[in-house]
Asks: 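First, the structure itself, so that you have it in front of you.
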There are 2 protein chains.
Amino acid sequence: MSGKRSLVRSGTTVDQMVRAIGDRIVTGFLRPGEKLDEASLAARFDVSRTPVREALGQLSAMGLVERRPNRGAIVAVVTQEHLASMFESMAELEAICARFSAERMTAGERRALEIEHQASARLVQLGAEEDYEYFNTDFHTRLYRGAHSKHIYELTVMTRSRLAPFRRAQFMLSGRLAKSWQEHDVIVTAIMRGDGAAAGNAAKNHVSIVSEASAVFAAGDQPKVASTVPVTAG
Amino acid sequence: MSGKRSLVRSGTTVDQMVRAIGDRIVTGFLRPGEKLDEASLAARFDVSRTPVREALGQLSAMGLVERRPNRGAIVAVVTQEHLASMFESMAELEAICARFSAERMTAGERRALEIEHQASARLVQLGAEEDYEYFNTDFHTRLYRGAHSKHIYELTVMTRSRLAPFRRAQFMLSGRLAKSWQEHDVIVTAIMRGDGAAAGNAAKNHVSIVSEASAVFAAGDQPKVASTVPVTAG
DNA sequence: CCGGAGGCAATTGCATGCACTTTTTGCCTT
DNA sequence: AAGGCAAAAAGTGCATGCAATTGCCTCCGG
């Protein structure tokens with residue numbers, strides 16, 4: 001090719017492509033079912049087809065894209081059942097994370113969780129949806145990490161990525177913000193007193209509600225937004 | 001290259017490579033930490049380096065191999081903690097599968113599970129370790145499928161693959177066969193009466209015991225066997 | 001004898017090219 | 001006018017080649 005990659009980001013070209021394409025899928029910029037033309041992507045990112053192919057292969061292994069031999073790749077399109085199955089899995093995984101967090105978080109982790117959670121109450125009052133979404137991602141990531149189990153963390157984050165395209169705009173639903181915070185509150189309280197079972201149930205319940213909220217979008221509509229905001233269970 | 005691929009198996013060359021290399025890792029033929037030289041693999045399978053590279057990328061995305069930029073790929077080597085974390089996750093996942101199976105299996109699925117399980121008692125009496133291992137894989141796969149949740153199934157099978165290299169030869173431990181069958185029996189009984197909680201607990205317990213048995217091999221020894229037998233929780 | 005700089009071999013990373021498969025389009029037949 | 005067939009166009013799959021990076025070996029200075 002020609003000059004250096006514009007994005008100075010780390011890793012090989014393939015890694016950059018995986019991130020770049022993956023981000024566009026996760027953020028909804030590329031919509032489920034959309035065709036991923038190797039030549040176009042190569043041109044778009046100013047690389048040859050080889051790294052694009054490798055990236056698509058890896059994304060396929062991650063489940064974000066679907067590859068039909070000799071027929072090109074598309075952004076993974078999931079059936080209604082599979083979507084439900086993923087939300088269900090997410091609920092179970094979050095429950096595990098919350099339960100483990102309640103049992104295993106260090107004092108520091110608990111404190112940090114509590115502080116952030118309390119701070120976020122302000123965002124709810126202000127109705128700062130975008131900011132709350134950032135916080136929300138953070139909150140859940142804390143739970144995943146707090147489980148102190150690398151593999152559970154990987155499974156959970158992976159599932160979250162695959163659900164992300166179907167989660168956009170969930171905070172648009174009126175009142176969702178306050179409800180989300182209250183649900184978080186139940187989880188945090190349970191974790192603070194080390195009650196794993198309660199934390200697990202609360203987390204599972206929390207995701208289930210998000211799932212129902214998201215079902216609205218899954219039915220018919222595909223996500224439309226193109227922001228770069230990461231996404232998590234509300 | 002030259003002639004057609006010898007293995008007539010389906011899919012593209014890359015798919016075949018993923019399966020071929022993945023199998024060798026999962027069955028312990030390639031051992032954790034072993035270097036995966038692109039040129040050697042290409043020669044070994046009589047393809048060019050391109051599909052080998054793509055396959056390694058996908059296997060890396062699956063977590064079976066580890067890739068250091070510009071420094072080649074090795075069979076993924078996991079720390080003791082990560083291994084423990086994976087077994088722990090496996091226990092949780094199996095618990096979920098068993099619980100869902102108890103709640104969701106059709107009458108036909110329940111019957112098939114029961115019949116196979118009873119039939120396997122004979123294998124225990126005969127001490128047919130290898131045959132029992134086949135059955136065992138089947139038994140667990142039934143549980144995974146019985147959960148009627150595609151995503152849970154995927155997560156579980158994926159985790160099983162990554163644990164496979166560390167599970168070999170667990171049935172060599174004397175008495176493990178009979179114990180395994182008894183544990184299965186508890187699970188089956190709970191499923192037959194639709195008791196999700198009991199089935200989940202029994203399954204979790206079952207994996208935990210396997211985990212402890214496998215810890216023996218993980219500590220110091222790496223797996224040594226090179227058979228082609230698939231592997232599952234005992 | 002030990003430590004470091006420089007150069008060489010080996011290996012990875014990516015671009016390009018060609019072969020093969022799929023899809024589309026246009027023409028011919030009915 | 002509609003259907004089907006054929007040829008061309010588009011796009012994927014893999015091989016090869018070259019540039020770049022890494023690791024190692026050697027040689028020099030201390």
Side-chain angles (χ1 to χ4, degrees), chain A residues 1-22 24-25 30 33-77, chain B residues 1-22 24-25 30 33-77:
Chain A
M1 53 148 268
S2 42
K4 272 265 177 269
R5 206 76 343 87
S6 41
L7 271 297
V8 258
R9 286 287 294 274
S10 67
T12 68
T13 302
V14 174
D15 287 340
Q16 295 176 21
M17 297 299 301
V18 169
R19 273 196 298 268
I21 300 175
R24 279 167 175 72
I25 293 173
L30 293 170
E34 191 160 334
K35 191 158 193 313
L36 296 172
D37 182 64
E38 294 177 2
S40 310
L41 287 170
R44 169 76 184 73
F45 291 102
D46 190 29
V47 297
S48 83
R49 276 179 49 230
T50 306
V52 173
R53 283 184 59 76
E54 289 195 30
L56 290 177
Q58 295 192 29
L59 290 165
S60 165
M62 296 182 213
L64 279 178
V65 321
E66 202 171 319
R67 249 186 159 182
R68 293 95 39 98
N70 287 313
R71 302 193 43 198
I74 60 174
V75 177
V77 60
Chain B
M1 55 147 264
S2 42
K4 270 266 175 273
R5 208 75 343 88
S6 40
L7 270 297
V8 260
R9 284 290 293 275
S10 68
T12 68
T13 302
V14 174
D15 288 341
Q16 295 176 20
M17 297 297 302
V18 170
R19 274 195 297 269
I21 301 175
R24 280 168 175 70
I25 294 173
L30 293 171
E34 190 159 333
K35 191 159 194 313
L36 295 173
D37 181 63
E38 295 177 3
S40 311
L41 287 170
R44 169 77 183 74
F45 291 102
D46 189 30
V47 297
S48 83
R49 276 178 48 230
T50 307
V52 173
R53 282 184 59 75
E54 289 194 30
L56 290 177
Q58 295 191 29
L59 289 165
S60 165
M62 297 182 215
L64 278 177
V65 322
E66 203 171 319
R67 250 188 156 179
R68 293 95 39 99
N70 288 315
R71 303 195 42 204
I74 60 173
V75 178
V77 58

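By convention in this document, chain letters (A, B, ...) are assigned in the order of the sequence lines, proteins followed by strands, and residues within each chain are numbered from 1.
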Asks: What's the CG-C1' distance between A:Asp46 and C:dC14, to the nearest Å?
Replies: 13 Å

Asks: What pairs with A:Ala20 under side chain to side chain contact (heavy atoms under 4.5 Å, CB included), at least two apart in sequence or on another chain?
Replies: A:Arg24, A:Phe45

Asks: Mind calculating the distance between CG (B:Asn70) and P (C:dT12) to the nearest angstrom?
Replies: 10 Å

Asks: Return no unless some side-chain N or O of A:Lys35 is found under 4.0 Å from OP1 or OP2 of D:dA10.
Replies: no

Asks: For B:Ala61 and A:Met62, which heavy atoms make the closest approach, and how far apart are they?
Replies: CB-CG, 4.3 Å

Asks: How long is the gap from CG on B:Asp46 to CZ on B:Arg44, to the nearest 0.5 Å?
Replies: 10.5 Å

Asks: Starting at atom CE of A:Met17, determine the distance to atom P of C:dA15, rounded to an integer number of angstrom.
Replies: 10 Å

Asks: Tell me which of A:Val14 and A:Pro69 sits closer to the 5' end of DNA chain C, going by the nucleotide each one is nearest to.
Replies: A:Val14

Asks: Between D:dA9 atom C1' and A:Asp37 atom CG, what is the distance in whole Å?
Replies: 14 Å

Asks: Is the distance from OP1 or OP2 of C:dC14 to the nearest side-chain N or O of A:Thr13 less than 4.0 Å?
Replies: yes

Asks: Which pair of non-hydrogen atoms, one from A:Leu59 and one from A:Gly22, has the smallest distance, and what is that distance?
Replies: CD2-CA, 4.0 Å

Asks: Quick one: on DNA chain D, does B:Arg71 or A:Ala39 contact a more 5' nucleotide (nearest heavy atom)?
Replies: A:Ala39

Asks: Rounded to the nearest Å, what distance is computed from the CZ atom of residue A:Arg68 to the P atom of nucleotide C:dT22?
Replies: 12 Å

Asks: Of the options D:dA15, D:dT21, C:dC14, whose atoms approach the side-chain atoms of A:Thr12 most closely?
Replies: C:dC14

Asks: For B:Met17, run the side chain to side chain contact (heavy atoms under 4.5 Å, CB included) check against B:Leu56, B:Val52, B:Thr12 and tell me which one passes.
Replies: B:Val52

Asks: How long is the span from the CD1 atom in B:Ile74 to the CD1 atom in B:Ile25, to the nearest 0.5 Å?
Replies: 10.5 Å

Asks: Residues of residues 49-64 of chain B with any non-hydrogen atom less than 4.0 angstrom from an atom of DNA chain C: list those, numerically ordered, please.
Replies: B:Arg49, B:Arg53

Asks: Roughly how far, to the nearest 0.5 Å, is the CZ atom of B:Arg49 from the CG atom of B:Asp37?
Replies: 9.0 Å

Asks: How long is the line joining CZ of A:Arg67 and P of C:dT22, in whole Å?
Replies: 15 Å

